[in-house]
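Step one of this worksheet: look at the structure below.
Quick caveat: nothing in here was measured; it's all calculated off a predicted structure.
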Amino acid sequence: MSKKPELGQIGFGARAWGAKRMWGYGKDFSDKDLLEVVRFASSSEVGFFDTAEIYGGGQSEQLLGNYISEMNSDVIIATKYAPFPWRIGAKPLRKALENSLSRLGLEQVDLYQIHWPWPLTSIEKLMDELADSVNRGLVKAVGVSNYNKEQMKEAHQALAKWGIPLTSNQVKFSLIHRKPELSGLLELCHELGIVLIAYGPLAEGMISNKYSPDNPPKGPRRRKYNQPFLSKLQPVLHLLKDIGERHGGKTPSQVALNWVITKGAIPIPGIKTKSQAEENLGAIGWQLEEEEINALDHSSSSFFQVIHQK
């Protein structure tokens, strides 16, 4: 039976690594920055990196593998298989896994996840292939991503036939994207002993000090996170700042990440620089008070009501 990896309280997301157009790799951050991130992680309490074969067209895995090799660093690596429509059945998974291991420079990956559900390939067949990968020593633990409650239960049951636990379900979860909590998915994860890994826990930087109505993000994100959206988000940001000040000057990002942790999930904010890594590490080692969690829940709910007003 496979053993679940110890993922800790927080991880580092490598979605931006190698992505020039969307995230500014090579312009806004460099290889030197990423090496410093891995160096910092190897000497800190955070040693969990999440990547995927599609991030940066495979370059995210390649870069992470290069830095780990250079540092001889013992960190936990999670990556993902993309069930594209042309990948019929479960057999392509084996080749994709081999390619990921090659880019990462590993003989075995700590956590291998199905990136999203695809109706043309049954969940049971994918889980069977993942179980075989565990038994062949290529994968330590199995996870899924973007699975709803029914899909997650099916994956959990399919793996149970092999005596293998479903380690995790990675979904979008943040103070301003609470569907996993409100739908009951988070509760089900707790019931089944499945870790909910929260990607986008800072909503692509929107719940931080980085952007404002007068300074919206550049590029494709500006269409989604525009000036009206950021204006309506201000009460939530002000509350994050106020709560942070009560805890010795914690930043809004640190408070938002701690909120995710108090919900029983592991946030994996995207990391491009050592300074980001250091700030995000400040989200652990302390805990929000119950009344502060309730206040953030209420503020978040109010934000949704304003956003969806016609």
Side-chain angles (χ1 to χ4, degrees), residues 5 7 10-38 41 46-71 73 75-87 92-93 95-106 109-118 130 138-139 141-147 168-174 177 197-205 217 219-221 224 266-274 276-277 280:
L7 302 179
I10 192 170
F12 291 159
R15 179 185 173 191
W17 296 24
K20 297 180 180 179
R21 182 177 179 183
M22 181 69 180
W23 298 105
Y25 167 68
K27 181 179 179 182
D28 297 334
F29 64 103
S30 65
D31 291 344
K32 180 182 177 182
D33 291 318
L34 298 180
L35 178 58
E36 287 181 349
V37 168
V38 175
V46 178
F48 167 38
F49 284 89
D50 178 81
T51 183
E53 63 171 333
I54 64 171
Y55 294 166
Q59 198 168 359
S60 175
E61 289 181 328
Q62 186 74 57
L63 290 168
L64 183 55
N66 290 344
Y67 303 141
I68 293 169
S69 174
E70 185 172 338
M71 290 295 301
S73 180
V75 296
I76 294 174
I77 303 298
T79 192
K80 309 180 198 72
Y81 167 74
F84 293 122
W86 56 86
R87 286 177 163 173
L93 185 150
K95 182 62 176 177
L97 173 57
E98 291 172 352
N99 290 338
S100 286
L101 289 171
S102 176
R103 286 188 290 268
L104 288 165
L106 300 173
V109 69
D110 297 293
L111 178 61
Y112 198 50
Q113 308 154 95
I114 304 299
H115 209 147
W116 60 80
W118 179 246
L130 287 173
L138 301 178
V139 171
V142 172
V144 293
S145 182
N146 298 304
Y147 275 40
S168 60
N169 188 3
Q170 184 178 147
V171 296
K172 182 189 290 186
F173 182 43
S174 73
H177 188 91
I197 300 174
Y199 72 80
L202 297 177
E204 298 181 349
R221 286 181 295 165
K224 181 167 54 171
I266 299 177
I268 51 168
I271 301 294
K272 296 182 286 187
T273 65
K274 181 184 176 184
Q276 285 181 325
N280 291 335

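- Using a 4.5 Å heavy-atom cutoff, the side chains of His115 and Ile54 are in contact.
- The minimum heavy-atom distance linking Pro5 with Asp110 is given by the pair CG-O, 4.2 Å.
- Looking at heavy atoms from C-beta onward, Trp17 lies in side-chain contact with Leu34 at the 4.5 angstrom threshold.
- The shortest distance between side-chain heavy atoms of Val75 and Leu64 does not fall below 4.5 Å.
- The side chain to side chain contact (heavy atoms under 4.5 Å, CB included) test with Leu130 singles out one residue from Ile114, Leu97, Val139, and that residue is Ile114.
- Separating the OG1 atom in Thr79 from the CD atom in Glu61 is a distance of 3.5 Å, to the nearest 0.5 Å.
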- Please report the C-alpha distance between Asp31 and Tyr25 in whole Å, then the side-chain angles of each, then the deciding distance to 0.1 Å, and finally whether the side-chain contact (heavy atoms from CB on, under 4.5 Å) criterion is met. CA-CA 8 Å; Asp31 291 344; Tyr25 167 68; 2.4 Å; yes
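- In this pair, Tyr112 and Tyr81 present their aromatic rings tilted. The plane angle is within the 30 to 60° band.
- When all heavy atoms of Glu53 and Ala96 are compared, the pair lying nearest together is OE1-CB, 3.9 Å.
- Minimum heavy-atom separation, Arg87 to Ala82: NH1-O, 2.7 Å.
- In plain terms, the two heavy atoms of Pro83 and Trp116 that are nearest each other are CG-O, 3.0 Å.
- Contact of the Tyr55 side chain with the Lys80 side chain is registered, since non-hydrogen atoms from C-beta on lie closer than 4.5 Å.
- For the residue pair Asp50 and Gln170, a side-chain donor N or O sits within less than 3.5 Å of a side-chain acceptor on the partner.
- Under a 3.5 Å cut-off, the side chain of Arg15 and the backbone N or O of Gly270 do not form any donor-acceptor pair.
- Looking at every heavy atom in both residues, Val109 comes nearest to Ile77 through CG2-O, 3.4 Å.
- Annotation: side chain of Pro117 is in contact with side chain of Asn146 (closest heavy-atom distance under 4.5 Å).
- Between Val37 and Phe49 the shortest side-chain heavy-atom distance falls below 4.5 Å.
- No side-chain heavy atom of Leu111 sits under 4.5 Å from any side-chain heavy atom of Ile76.
- Atom OG1 in Thr273 sits 9.0 Å away from atom CD in Glu36 (nearest 0.5 Å).
- Put simply, CG on Asn66 and CD on Gln62 are 5.0 Å apart, with the number rounded to the nearest 0.5 Å.
- Pairing each heavy atom of Tyr199 with each of Ser145, the nearest pair is CE2-OG, 4.5 Å.
- From Asp28, atom CG reaches atom NZ of Lys272 across 6.0 Å, with rounding to the nearest 0.5 Å.
- Under the 4.5 Å side-chain criterion, counting only non-hydrogen atoms from C-beta, Ser100 is in contact with Arg103.
- Summarising the geometry, atom CG belonging to Leu63 is positioned 10.5 Å from atom CG belonging to Leu104; distances are rounded to the nearest 0.5 Å.
- A side-chain donor-acceptor contact under 3.5 Å links Ser30 and Asp33.
- Under the 6.0 Å cut-off for aromatic ring centres, Trp86 and Phe84 qualify, their centroids lying closer than that.
- Between the CG atom of Leu202 and the CD atom of Glu204 there is a distance of 10.5 Å, given to the nearest 0.5 Å.
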